[in-house]
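A short worksheet on the structure shown next.
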Amino acid sequence: MGTAATVIIAITVVCILLLIAGIILTFLSNRLACPTTYLGLLGIGLTIADIPATNSLIFWGIATAIVICLEYMLPKKITSSRRGVGYIAGAALAGTFVGLAISHEWMIVGAVAGAILGGIAYSRTPAGSIMEFPSSKFLNYLCAKGLPAVVTMCMAGTSVLWFAAILNQ
């Protein structure tokens, strides 16, 4: 095994760790979830050296920048809240991989649907009744917590596709 192969394996391992950390940070409602996941995606994308990977890296980079900007614009009370994040992030993760079984495009649809259904499921619990589903309060909170979850989980799903492509080489 040559030096180049060793470097690619090391980068891939670090990227996998970043992706796992990003998913965990999403469940903790941490602002660093999206950038951490993007760094993992970026590392795996750069090891592929393929034009479609470049387009996806630009797309997810812009999505990450939007999430970061929105998270810093939201009130601290909302960004620090972890109310229902487990439901939203968990359902987004499940939706991502269900959609990924169909295609890359359906992965995004699955993540969005999962985040919405997770928010609704949480709002139906005794602790979630404070979300007042259906209301603008519920919708605003779902968007504030759902968008970072969807972007993070979709980047993780995209990296799974790319990782599979690397293993097939």
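For reference, positions follow the sequence shown, starting with 1.
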Please confirm whether the backbone N or O of Tyr122 pairs with a side-chain atom of Thr125, one donor and one acceptor, at under 3.5 Å? yes
Could you measure the distance from the OG atom of Ser56 to the CG atom of Leu42? Nearest 0.5 Å is fine. 12.0 Å
I need the minimum non-hydrogen distance between Cys15 and Gly43, along with the two atoms involved. SG-CA, 3.3 Å
Please check if Val13 and Val7 belong to a single hydrophobic cluster, counting links between Ile, Leu, Val, Met, Phe, Trp and Tyr side chain heavy atoms closer than 4.5 Å. no
One should read off an interatomic distance between Ile11 CD1 and Ile16 CD1, to the nearest 0.5 angstrom, of 12.0 Å
Provide the closest heavy-atom pair for Val150 versus Ala115 in the form atom of the first, atom of the second, distance. CG2-CB, 3.8 Å
State, to 0.1 Å, how close Arg31 and Glu71 come at their nearest heavy-atom pair, and which atoms those are. NH2-O, 3.3 Å
Measure the shortest side-chain to side-chain distance between Leu46 and Leu57 over non-hydrogen atoms and say whether it is less than 4.5 angstrom. yes
From CG (Leu18) to CD1 (Ile23), nearest 0.5 Å: 11.5 Å
Does Met107 reach the side chain of Ile102, with side-chain heavy atoms less than 4.5 Å apart? no
Give the minimum heavy-atom separation between Gly22 and Thr37, together with the two atoms involved. CA-OG1, 3.2 Å
Phe138 and Leu117: same hydrophobic cluster, using ILVMFWY side-chain contacts below 4.5 Å? no
Looking at CE of Met73 and CD1 of Ile68, how far apart are the two atoms once the value is rounded to the nearest 0.5 Å? 13.5 Å
Between Val98 and Met155, is there a shared hydrophobic cluster once you connect ILVMFWY residues whose side-chain heavy atoms come closer than 4.5 Å? no
So, taking the atom named OG1 in Thr26 and the one named CG in Leu32, what distance separates them when rounded to the nearest 0.5 Å? 10.5 Å
How about Val109 and Trp106: do any of their side-chain heavy atoms sit closer than 4.5 Å? yes
Just how far is it from atom CD1 of Ile62 to atom OH of Tyr38, taken to the nearest 0.5 Å? 8.5 Å
Tested for side chain to side chain contact (heavy atoms under 4.5 Å, CB included) against Cys34, the lone hit among Val67, Leu25, Leu39, Ile66 is Val67
hydrophobic_cluster_shared for Leu161 and Leu41, side chain cutoff 4.5 Å: yes
Least distance between heavy atoms, Leu19 atom then Ala156 atom: CD2-CA, 4.3 Å
Is it true that the NZ or CZ of Arg83 lies under 6.0 Å from the centre of Tyr141's six-membered ring and within 45 degrees of the ring axis? no
Following the transitive rule for hydrophobic clusters with a side-chain heavy-atom cut-off under 4.5 Å over Ile, Leu, Val, Met, Phe, Trp and Tyr, establish whether Val160 and Trp60 coincide in one cluster. yes
Work out which heavy atom in Leu100 is nearest to a heavy atom in Gly157; give both atom names and the distance. CD2-O, 3.6 Å
